[in-house]
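These notes concern the structure reproduced below.
Here the structure is a predicted model, which is why all the values come from computation and not from measurement. Letters A, B, ... mirror the listed sequences (proteins, then strands); counts begin at 1. FYI, side chains are in, hydrogens and waters are out, and symmetry mates aren't considered; it's all heavy atoms of this structure.
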Amino acid sequence: MTNLIDIATWNVNSLKVRLPHLLQWLQNNPVDLIGLQELKMTDNVFPVDALEEAGYGAVFAGQKTYNGVAILYKKATMPTPSDVTVNLPSFPDEQKRVIGASFGDFRFVSAYVVNGSEVGSDKFEYKKAWLDALIADCAQWLSSNPKLALVGDFNIAPDDRDVHDPAAWKDQVLCSEDERSRFEKLLSLGLHDSFRLFEQADKTFSWWDYRQRGFQKNRGLRIDHVLISDALKSNCTASKIDRTPRKWEKPSDHAPAVATLSI
DNA sequence: ATGGTCGGTGTCCGA
């Protein structure tokens, strides 16, 4: 038996501030699964009740001030999640950046990849090591769960099409070869960038800097991705970025990305 | 014009 579902990802940049946007967006786009990043809250204040009222269950891993990830699932269409795991098995970390859960034989992982600050910094070294661990662990996940979606804020623009000004961003953080080669390595494990399975408008981005009226000028990058495994590729019928909520008052700097697939 | 804007238990740091 197969189910047609919509899966999404959204870096909300504080779930406390963005809860009204999330609820509004889910009302307009009742996706079956969504991975959230940058909750910036501890687990004791996670808005379980408000999401429940909206028809969503949640698994989450928060922390104070920074990071924090969650998976929301529509209770009417999705089974109860099982095998919930937090973070990367091969990379012990205080920072809460990964949460995974199984829905039947479908595995869904929400990730908040390290930003990296700037090329050559200590944070950039942490980013490379973290990505290497993600690659190693993702290979394991795929061997045990052929039906896998890895979604999130990857903090990597895969190629120049994903950058508003490739010359200005060349070799900069989010666009460097060290990062792009690791993204490619992740795909080579048997994952596909669902967005690129379909024809897309030029200059479609998922993140715009708050400064300099970046969104109004569409000075953005596509760094939020919905990756799906080989086993799901032919079952994926659409993938898009919804820039609508970026126009709302007090927006996240990221827009949600959504893919449709049968599992 | 070398800044600019957000969010956070903050008055600087991370993005």
E38(A) side-chain proximity, nearest of dG7(B), dA15(B), dT9(B):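 Comparing dG7(B), dA15(B), dT9(B) against the side chain of E38(A), the answer is dA15(B).
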Measuring from the side chain of R18(A) (C-beta onward, heavy atoms only), which nucleotide among dG7(B), dG4(B), dG14(B) has the closest atom?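 Selected nucleotide: dG7(B).
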Less than 4.0 angstrom from a charged side-chain N to a carboxylate O is my criterion; do [X] and [Y] meet it?
X: R180(A); Y: D160(A); answer: yes
X: E125(A); Y: K128(A); answer: yes
X: R196(A); Y: D162(A); answer: yes
X: R222(A); Y: D193(A); answer: yes

Can a side chain N or O of [X] be found less than 4.0 Å away from OP1 or OP2 on [N]?
X: T65(A); N: dT9(B); value: yes
X: K40(A); N: dG14(B); value: no
X: K250(A); N: dC6(B); value: no

Say you pick atom [atom1] in [N] and the same atom in [M]; how far apart are they, in whole Å?
N: dG4(B); M: dC13(B); atom1: P; result: 16 Å
N: dG14(B); M: dT9(B); atom1: P; result: 14 Å
N: dG3(B); M: dG8(B); atom1: P; result: 26 Å
N: dG10(B); M: dA15(B); atom1: C1'; result: 15 Å
N: dT11(B); M: dC6(B); atom1: C1'; result: 16 Å

note: Y66(A), atom OH; dA15(B), atom P; distance rounded to Å ~ 8 Å
